[in-house]
Amino acid sequence: LAMEHVDGRDLRELARLARVGGHEPSVDIVVAILVRVLEALGFAHQAVNDAGQPLGIIHRDVSPSNIMVSRAGAVKLLDFGIARAVERIGLSVSGALHGKFSYMSPEQASGDPLAPSSDQFSVGVVAWELLTGSRPFDGDTDLKTLDRVRRHDPGSIADVRADLPTEVVVAVDRMLAKEPDDRFPNAREATRALQGYLFRVEAMVDFHDLSDWVSDVLSVLPEALRDHPSAAVSLDDALRMSLDLSDGAPNTATPSAPPLYAPLSTQTATLAAGAVGEPILSTPSTVPPTISGGPTTQTEPPARSHTRRSLFALLIAANVLLLGAVGWLVWQLTEDDPPATVEELASRIKGSPSSLA
């Protein structure tokens, strides 16, 4: 398996570090990132095969953790692993829910068939989160979040942040429409709506501006960690780093404290199409994310390790008992009349009523 190396961090980590260091992205930066994500989705949605037939690709898991911004200012949409194409619809279970609940569209949360406009709704949730610092449909539990996605009306994003430009408010509100037909006809039209704001204010946000923002965000980290995203450090440590740096004191934080924020749920749920009731949740083993964005490992649970050690000790004890029983049998058969050869001993054991053979 070969994958492109992206020298950067995902948008979820960047947003958290930005809050810690006071480098929240400007409206221009957020719009520029959203435009590039929509351009990537537009390309995927319009992809065709060699015969010119649409592939019908839908990402189905657009979220900040699947959007990376490189240190060079490139925006990458990742993880098309659960994307569904027309050619392999038969391999998917009807009504299965995939992706992160908070970013699902109402039709995805209901297990209904999806269209490209579902990804557009997810982009609207990402936009809301980046511009307001909160998500519009989060509930106390995953089931409540799914229910809020299907039924809750969060209102206009302008109700949460009144200083947003009109073009941005209109675009985000339309992408978050409950009915797919009320959203933009396609990702390209959503892109143009957001670009209208950039054109009006003459904000030419290029990769240099995005690169500068990433550098500012990563400045909260010690220099050694900025260039090595595989070095894990908790968000709590990152907060202490910013406090240490502001006081001018050397940073002595070690990556040992638990994360400052709880990880987003990555549960999957299965809901029969058209069924009434609560989804059946299946929770895979997950590892709490680190700021690094690099690979993480999870040690074996202590209970499982203890069980294996107990079984191993029991196996050794059984073997010892078996060897003792065989030795006792041989001693009984040879006590009064020792055999002259090994073959004779084997014959006695085989003919003994108490033979273990």
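None of these values were measured; they are calculated from a predicted model. FYI, the numbering just counts along the sequence from 1.
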Are the side chain of [X] and the backbone of [Y] linked by a donor-acceptor contact shorter than 3.5 Å?
X      : Y      : result
Thr132 : Ser134 : yes
Ser211 : Arg71  : yes
His59  : Leu78  : yes
Ser118 : Leu114 : no
Ser105 : Gln108 : yes
Ser70  : Val6   : no
Ser219 : Asp216 : yes
Asp209 : Asp206 : yes

Is it possible for you to say whether [X] and [Y] belong to one hydrophobic cluster, with membership spreading through side-chain heavy-atom contacts below 4.5 Å?
X      : Y      : value
Leu14  : Ile67  : yes
Val30  : Met68  : no
Leu11  : Phe80  : yes
Val201 : Ile29  : yes
Val62  : Leu194 : yes

Pairwise side-chain contact, [X] with [Y], heavy-atom cut-off 4.5 Å (strictly under):
X      : Y      : answer
Ser26  : Trp213 : no
Phe184 : Ser117 : no
Pro54  : Gln46  : no
Arg200 : Pro165 : yes

Please work out whether the ring planes of Phe121 and Phe137 are parallel, tilted or perpendicular, with thresholds of 30° and 60°. parallel
Salt bridge check, [Y] against [X]: does any charged N sit closer than 4.0 Å to a carboxylate O?
X      : Y      : value
Asp138 : Arg135 : yes
Arg183 : Glu107 : yes
Glu39  : Arg36  : no
Arg19  : Glu24  : no
Asp142 : Lys144 : no

Passes side chain to side chain donor-acceptor pair (under 3.5 Å), His45 versus Asp119? Steps please. CA-CA 10 Å; His45 294 163; Asp119 287 341; 2.9 Å; yes
Is there a side chain to side chain contact (heavy atoms under 4.5 Å, CB included) between Leu218 and Val214? Walk through the geometry before answering. CA-CA 6 Å; Leu218 296 182; Val214 172; 3.9 Å; yes
Closest heavy-atom pair, Ser156 versus Asp173, reported as atoms and distance to 0.1 Å, is OG-OD2, 2.6 Å
What pair of heavy atoms forms the shortest contact from Val172 to Gly124, and how long is it? CG1-O, 4.0 Å
In terms of heavy-atom contacts, does NZ of Lys76 have more than 12 from other residues, nucleotides or ligands at under 6.0 Å? no
Does Arg161 CZ have over 12 foreign heavy atoms under 6.0 Å away? yes
Test Glu189 against Arg192 for salt bridge (Lys or Arg N to Asp or Glu O under 4.0 Å), laying out the working first. CA-CA 5 Å; Glu189 292 300 319; Arg192 289 178 172 175; 3.5 Å; yes
Pair Lys100, Ser65 - check side chain to side chain contact (heavy atoms under 4.5 Å, CB included), show working. CA-CA 10 Å; Lys100 301 173 182 66; Ser65 59; 3.1 Å; yes
With Val27, the side chain to side chain contact (heavy atoms under 4.5 Å, CB included) member among Leu198, Leu164, Asp163: Leu164
Scan Leu38, Val37, Val123 and name whichever one has a side chain to side chain contact (heavy atoms under 4.5 Å, CB included) with Thr191. Leu38
Evaluate the side chain to side chain donor-acceptor pair (under 3.5 Å) criterion for residues Asp61 and Tyr103: first the C-alpha distance (whole Å), next the side-chain angles of each, then the deciding distance (0.1 Å), finally the verdict. CA-CA 8 Å; Asp61 193 20; Tyr103 303 94; over 6 Å; no
Step by step, work out the side chain to side chain contact (heavy atoms under 4.5 Å, CB included) result for Gln120 and Met175. CA-CA 6 Å; Gln120 192 182 128; Met175 285 191 288; 3.6 Å; yes
Phe101 vs Val149, side chain to side chain contact (heavy atoms under 4.5 Å, CB included): CA-CA, chis, key distance, verdict: CA-CA 8 Å; Phe101 295 161; Val149 168; over 6 Å; no
